[in-house]
Number of protein chains: 2
Amino acid sequence: MDKYQRIYQDVLSDLRTGKYQPGDYLPSDTKFVMRYQVSRETVRKAVGALAEDGYVQRLKGKGTLVLDRKHFAFPVSMIESYRELVEEMHLESTNDVLRIQEQVMIPQELQFEKAASGLSIQVVRRRNVDGDPMVLDYDYINPEVVETVPKSAAQDSLFNYFENQLGLQIDYAVKHITIETASAEDRRLLQISEDIPMVVIRSETHLTDNRLLSFTESRHRADRFTSIEFARRRK
Amino acid sequence: MDKYQRIYQDVLSDLRTGKYQPGDYLPSDTKFVMRYQVSRETVRKAVGALAEDGYVQRLKGKGTLVLDRKHFAFPVSMIESYRELVEEMHLESTNDVLRIQEQVMIPQELQFEKAASGLSIQVVRRRNVDGDPMVLDYDYINPEVVETVPKSAAQDSLFNYFENQLGLQIDYAVKHITIETASAEDRRLLQISEDIPMVVIRSETHLTDNRLLSFTESRHRADRFTSIEFARRRK
DNA sequence: AAGTGGTCTAGACCACCCT
DNA sequence: GGGTGGTCTAGACCACTTT
């Protein structure tokens, strides 16, 4: 692993365990330089990424302040697997794999950026939190990138399978968020009535070599939906 | 202005005018080093920020690819003033200032991070797109940071007033997104019926010195709401 | 082999905050 | 004045892609 990534992960884990509390200051750049035996620019790259991601704030002349992170209810602006979210928030969550099917056409409304090459592997899942069905996920995976999806991978975590089993490097996604009325399938699978709207997040996920990995449609019952975002000013 | 910021703005404006088209490659780092007479790390800082913001993708060994940006319908993960959005998307939009009032209590549900020190300056505005009222914005501004808000600033752009008139440096915001039913005031001011839900975005905006600038509640009619996000993978 | 982006270094100077 | 973060430099080596 790169040096700055090691530092990033190291400090992040100290933030998660509470070794550094909100309101505390991180060790200064110079301290980290000594501790990790690296140059200052390398330290700055790591701490800069933590600031970019909203964990800390750099205060000129003062130090690096640890921010309060009750965050991460559902970060639309980050690519996180459902499993990572569940773990981070200590949710009681289960996962029903409803369907895995090859050679499926990709719905037109999902192809907002790139034209899809053709057929895909479809994975349909339902996420339950505290026993209540909350989210329906429809994944359409590019068969030119992923040959096959075993049920165990869908049950566990597709991202984990892609990254750690297949060695794929996920880079970015474009996400469209809209509010729509519940479809018949939504009502049936989530056991909700017609008057509960749905938050629909359609995304297109790319690899670092810019190949298209997958299209996803994620449908949340709106009455239980909360998202917490960290936004930075670009000027 | 810093050198890398100048390069960032320079290239961004070339991307906006279409000098660089999606699918094109930007000039290489070395080319920019020669053009701007700076070191490579400075070029990399500028181009890296463009990649971070989703304008381009860095491809090892190949170059810097210009991505397709039909993006920016409503980027929740970025802090942009309504005016900046309108300009970038070439919308036909007007702005009604409904109320400016000092010494107003801040609603409890907005204070999710910091406890507010007390009273605030309240600004209530309605945004109309193509003549239709679409969004209600309630701003509660910290009087310890901003003494007074002239009506012209609320009419034009609060962010422009804060940054360019008062010299404040906005850094980050924490935003909570929920879906709620329309209130009586929503229905009256936006002329919608009860069955149209609202996308409610509550945010807390901070300065670079970590002072609290404002709380904002932004209420969108959900049937017209679209957000397009660019999300990066952190691993 | 030549060109590209990715990482890292050791040093410099600056602006800001605190004592 | 000493410590902090912010910017910038000139150079190095690497992995990757293309010719």
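The chains referred to below are lettered A, B, ... by the order of the sequence lines, with proteins before strands, and numbering in each begins at 1.
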| query | Mapping A:K3 and B:G61 to their closest nucleotides on DNA chain C, which lands nearer the 5' end? | reply |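 Closer to the 5' end of DNA chain C: B:G61.
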| field | Most 5' of B:K31 and B:E41 on DNA chain C, judged by nearest nucleotide | value |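 The residue closer to the strand's 5' end, by nearest nucleotide, is B:K31.
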Distance in angstrom units between [X] [atom1] and [N] [atom2], rounded:
{"X": "A:E52", "N": "D:dG6", "atom1": "CD", "atom2": "C1'", "result": "15 Å"}
{"X": "A:M34", "N": "D:dT4", "atom1": "CE", "atom2": "C1'", "result": "13 Å"}
{"X": "A:R40", "N": "D:dT9", "atom1": "CZ", "atom2": "P", "result": "16 Å"}
{"X": "A:Q5", "N": "D:dC14", "atom1": "CD", "atom2": "P", "result": "19 Å"}
{"X": "A:D2", "N": "C:dT9", "atom1": "CG", "atom2": "P", "result": "11 Å"}
{"X": "A:F32", "N": "D:dT4", "atom1": "CZ", "atom2": "C1'", "result": "14 Å"}
{"X": "B:L59", "N": "D:dT18", "atom1": "CG", "atom2": "P", "result": "10 Å"}
{"X": "B:L65", "N": "D:dC16", "atom1": "CG", "atom2": "P", "result": "19 Å"}

Does [N] have OP1 or OP2 under 4.0 Å away from a side-chain N or O of [X]?
{"X": "A:S28", "N": "D:dT4", "result": "yes"}
{"X": "B:K60", "N": "D:dC14", "result": "no"}
{"X": "A:K62", "N": "C:dC18", "result": "yes"}
{"X": "A:Y4", "N": "C:dC8", "result": "no"}
{"X": "A:T42", "N": "C:dT9", "result": "yes"}
{"X": "B:T64", "N": "C:dG5", "result": "yes"}
{"X": "B:R58", "N": "C:dT4", "result": "no"}
{"X": "A:T30", "N": "D:dT4", "result": "yes"}
{"X": "B:R44", "N": "C:dG5", "result": "no"}

| query | Should the pair B:R6 and B:Y36 be classed as cation-pi, given the thresholds of under 6.0 Å to the six-membered ring centre and 45° from the axis? | reply |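 No, B:R6 does not sit over the ring of B:Y36.
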| B:R125 side chain to B:N95 backbone, donor-acceptor under 3.5 Å |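 Looks like no, no N/O pair under 3.5 Å.
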| With no hydrogens and no angle check, is any side-chain donor or acceptor of A:D139 less than 3.5 Å from a backbone partner on A:I141? |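 Judged by distance alone, no pair lies under 3.5 Å.
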| request: Determine the contact category for A:V47: base if any of its heavy atoms lies under 4.0 Å from a base atom, sugar-phosphate if only primed atoms, P, OP1 or OP2 are that close, otherwise nothing. | output: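 Touches nothing.
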| request: Could you say whether A:D209 or B:V38 is positioned toward the 5' end of DNA chain D, judged by the nucleotide with the nearest heavy atom to each? | output: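 With A:D209 and B:V38 compared, the 5'-side residue is B:V38.
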| Is the number of heavy atoms from other residues, nucleotides or ligands within 6.0 Å of CD (B:Q169) greater than 12? |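 Counting other residues, nucleotides and ligands, CD of B:Q169 stays at 12 neighbours or fewer.
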| With a 4.5 Å limit on heavy-atom distance, are the side chains of B:R83 and B:N160 in contact? |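 Yes, at least one pair of side-chain atoms sits under 4.5 Å.
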| task | Answer yes or no: is there a side-chain heavy-atom contact under 4.5 Å between A:V11 and A:Y20? | result |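 A:V11 reaches A:Y20 side chain to side chain.
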| Nucleotide nearest A:S39 (side chain, heavy atoms from C-beta), chosen from D:dT7, C:dT9, C:dT7 |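 Nearest nucleotide to the side chain: C:dT9.
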